[in-house]
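Step one of this worksheet: look at the structure below.
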Amino acid sequence: MDKLKITGGRPLEGEVRISGAKNAALPIMCAALLTAKPLVLTNVPLLRDVSTMGKLLAEMGVRVERSDDRVTLNATAIAEPTAAYELVKTMRASVLVLGPLLARCGRAKVSLPGGCAIGARPVDQHVKGLEAMGATIAVEHGYMHASARRLQGARIVMDMVTVTGTENLMMAAALAEGETLLENAAREPEVLDLARCLAAMGAKIEGAGSDAIRVVGVRSLGGAEHAVMPDRIETGTYLAAAAATGGKVRLSGTEPDSLDATLDKLRESGARIRVGESFIELESEERPNAVSVRTAPYPGFATDMQAQFMALATVARGTALITETIFENRFMHALELQRLGADIRLEGNTAIVTGVERLQGAKVMATDLRASAGLVIAGLVAEGDTVVDRIYHLDRGYEALETKLSALGARVVRVS
Ligand code: EPU
């Protein structure tokens with residue numbers, strides 16, 4: 001199994017280009033199920049989750065063609081509206097096929113995702129919303145069996161803010177009969193990007209990006225061409241890495257407006273930041289100041305940036321409180337960071353992190369995608385060699401990680 005060997009102690013310096021957003025590409029690929037016409041996507045990141053989604057769609061009869069960052073999806077006919085356990089268990093975002101399949105085919109069989117390293121992650125809100133639209137959903141042998149004649153528009157108040165839940169219901173509503181109102185909807189930029197793609201396909205959607213989304217269903221949707229938005233979490237990860245190592249980086253092809261909470265916190269840590277329309281420059285010469293963060297739905301501080309900020313806090317001046325409010329078990333990296341010499345105390349959903357002058361390289365284990373990113377950042381500042389095991393997690397969500405880090409002067413190699 002591949003590992004990443006990092007020899008720490010060098011500031012990151014240079015420029016890299018940010019890829020398309022994983023968490024926008026995945027729902028947008030599922031939107032292809034809503035139309036018999038081709039959906040052409042550009043700026044699609046080269047990631048394992050994207051190829052998993054491609055495989056999942058191909059199993060249903062969707063033609064998926066990739067050339068560089070361009071992916072063409074052709075769901076002329078859907079042979080089998082089924083998402084099997086074997087793929088769903090490897091990627092929870094697979095549940096995003098449920099709404100589109102139901103809307104297009106009137107039936108769907110989708111495996112329940114099961115447990116996950118960062119928490120329970122149920123899909124009850126997806127189910128509740130689709131049922132409110134007239135679907136019948138039964139769970140048998142680990143699968144959701146859903147059926148509906150034609151989905152009916154409904155007013156749905158979500159019990160909690162859920163990103164993929166909002167996306168699933170928005171896609172289903174696009175082909176439903178009448179008007180759907182999604183309240184307490186997720187405001188994440190990826191939801192807005194999906195809405196833009198759906199609109200280009202002919203959907204009638206208002207309010208995406210706010211907590212109330214109105215969708216007026218149409219009979220059918222057409223093809224479209226859409227460029228996937230830049231990855232705000234990849235951007236934030238390189239910025240946190242540069243801040244932790246006292247580096248100077250320029251990230252191009254990004255969308256600074258989607259990173260307000262992260263940029264504020266980096267400024268608070270002492271970094272100097274300059275933004276343009278599609279670039280961010282960060283410079284940080286000194287040891288960062290400790291900054292506390294509390295995760296929240298967008299526009300709050302992203303849970304997907306929590307591990308990277310915990311890594312930053314391990315070498316900061318002072319004590320930071322890192323509070324996780326979205327997932328109940330997203331502190332697995334804390335124990336691994338301790339193996340590198342970090343001073344972290346866990347109290348419920350808060351990690352109390354007191355910065356140390358230096359971390360020391362060690363062997364550590366990645367548990368999920370963002371936890372791995374936190375370990376990589378810690379490895380970059382640690383003295384000596386850090387070996388991060390199970391980096392298949394990183395391959396799910398960071399395009400060309402070693403190449404980009406090497407371009408920034410880091411000493412990183414993949415070892416088998
Ligand atoms: N929740 C429920 N019931 C539901 C849906 C969600 O209880 O039906 C709970 C979850 O258990 C969690 C909270 O609501 O406690 C929020 O979960 P959400 O549904 O928003 O998460 P998600 O849609 O499954 C997406 C991202 C995650 C990101 C979260 C939060 C995608 C494909 N995934 O997951 O990204 O952490 O939103 O922002 O968009 C990652 O990229 O590493 C990643 C985990």
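Every number for a ligand or one of its atoms is a count from 1 in the order of the listing.
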Open item on the list: Just to verify, what does Thr354 make a side-chain contact (heavy atoms from CB on, under 4.5 Å) with, not counting sequence neighbours?
Closed with: Thr319, Asp343

Open item on the list: Would Arg48 pass as a cation-pi partner of Tyr392, given that its NZ or CZ must be under 6.0 Å from the six-membered ring centre and within 45 degrees of the axis?
Closed with: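 No, a cation-pi geometry is absent between Arg48 and Tyr392.
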
Task: Side chains of Asp368 and His333, donor plus acceptor under 3.5 Å - done: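 Result is no, nothing qualifies.
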
Open item on the list: Does this structure show an ion pair linking Arg63 with Glu65, if we count only N-O contacts that are shorter than 4.0 Å?
Closed with: yes

Task: Considering all heavy atoms, the nearest Arg187-Ser210 contact - done: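 Where Arg187 meets Ser210 most closely, the heavy atoms are CG-C, 3.4 Å.
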
Task: Centroid-centroid distance, Phe301 to Phe309, less than 6.0 Å - done: yes

Open item on the list: Strictly under 4.0 angstrom, heavy-atom based: which residues surround ligand 1?
Closed with: Lys22, Asn23, Ala93, Arg121, Pro122, Val123, Asp124, Gln125, His126, Met160, Val161, Thr162, Val163, Thr164, Thr303, Asp304, Ile326, Phe327, Arg330, Leu369, Arg370

